[in-house]
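Right, one structure below, let's go through it.
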Amino acid sequence: MKFSIHNIFEEFDSIRETSLPSAIVKYKDILPLLSKHKKNKNIRIKAAGKSVNGKVIYSVTVGKGALQVLAWSQMHGDESTATRAFFDFLNFIEKKETNKLTSELLDKITLTFIPMLNPDGAEKQTRYNAIGIDINRDAMDLVSPESEILDRIFREIQPGFSLNLHDQDGWYSVENSGKPTSVSFLATTPDLYQTKTAARKKAMSVIGKTFSALSEIIPGHIARYSDAFEPRAFGDNFAAKDSSVILIEAGRWKDDENNEFIRKIYFTTFTAALLTIASEKYPLSSVKIYEQIPKNNEMMLDLILRNVLLRDKYNVDIGIKRFPVYDKRRNKTVYEGKIETLGDLSVYSAFEEYDMNGYSLYPGEKEKHNREIEFTEEYYFDLVKKGITTLEHVDLSFEKNDFNEIPLNLIRAGCDFSQDVYPGNFANFYLKNRNGETDYIVVNGFLVNIISNDISVINAIRI
Ligand SMILES: [Zn+2]
């Protein structure tokens, strides 16, 4: 089945599901979409069972081909990219119902998709289900009702292909290229010995072809996921039952607000993989391409400041990671910026890197505040020029562990909040040039360029 990856990629903007603008996708967000698509007789939506907390989990089936494909998303509740891309895909096939490519695809395959296998985890924005089980470590015991649903549907349809759809941590690069991984693939192993069964070779071939096509759009940003065997995972179990299992992990793209570009890439990848499966041609030449896909390497950081002088005499690089944390009250993602590592970081790369040769680094200062703070820009820059990264407030009422919207940390007076520059601590420090002026400050792992009045702080810390 011949297709142009560029056409699919470009089609995205016209079919994008506009009701899912955020990377936080919860059960209530997908219910109206299921109702909308239920009106189409070619989209069969069924209740497949209930989550621990009693939410109905649905399966969506399209196509009438002999080749059975099973896919599921958000088995980890905070990994929404595949769910969003699936609803984009439903819009795509509805819009293109009469299109030759789409009708051929749906003649060849029957796709059963479980969008949001873990609605309770999605509600809490966590990987785990309501009782704290990682569903992808429950394939043998089937303790969770969500696991039972996936296992039962697999046994019912006996899919030739299984698509296991996730989001990986945001700090992978493609081998040591310094380029962040945007998509990674794995032809999941059926056993400890990474045996290349016939089913696995088919998965490898489909990935090899999809990789080649996708490389026209995001060259150098695609990697091969670790093939270590995990006996408790669904993919590995389905592979052992001779399904061709393809893991697709969404990664990251620089400055990608709400993961929108990654979502577009993921939609393109998913659609291209289905079209490749439907071609029923799985040549060995594409298996070889699969085997040459560079490895997914966890060597990315969010921010690296290179060649700074630490404690007035040590020349080091400082590496920072910003850990996403779900802010329930505001239903948004905020960050905890921490020093991940320091020293020789020549083997790491980062989304933002600066050469700070000639700068000396000092731990951030604290200042006491008793009054309501009026944050004019002038006042702010007066504070940060003095190296102040954190305000200690005596009488401010705020929720504990809440995050600050102003670009300074806010802590209760006397609170133990170390600003020591050391791995594991929050990244709060300032950088002085050779004339002793503070040109840069880092607040909660975000850089403020004082010379150009450029504040990049998304959120600071409140404790
Ligand atoms: Zn996952």
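Just so you know, ligand 1 is whichever comes first in the structure, and atom 1 is the first atom listed for that ligand.
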With a cut-off of under 6.0 Å to the ring centre and 45° to the axis, is K202 in cation-pi contact with Y282? no
Give the atom name of whichever N/O/S atom in E79 sits closest to the Zn ion (ligand 1). OE1
Would S51 and N53 count as having a side-chain donor-acceptor pair, cut-off 3.5 Å? no
Just give me the atom name: the N, O or S atom of H166 closest to the Zn ion (ligand 1). ND1
Under 3.5 Å, is there a donor-acceptor pair linking the side chains of S147 and D138? yes
Any side-chain donor near an acceptor of the partner, S80 and Q74, under 3.5 Å: no
Give the atom name of whichever N/O/S atom in H76 sits closest to the Zn ion (ligand 1). ND1
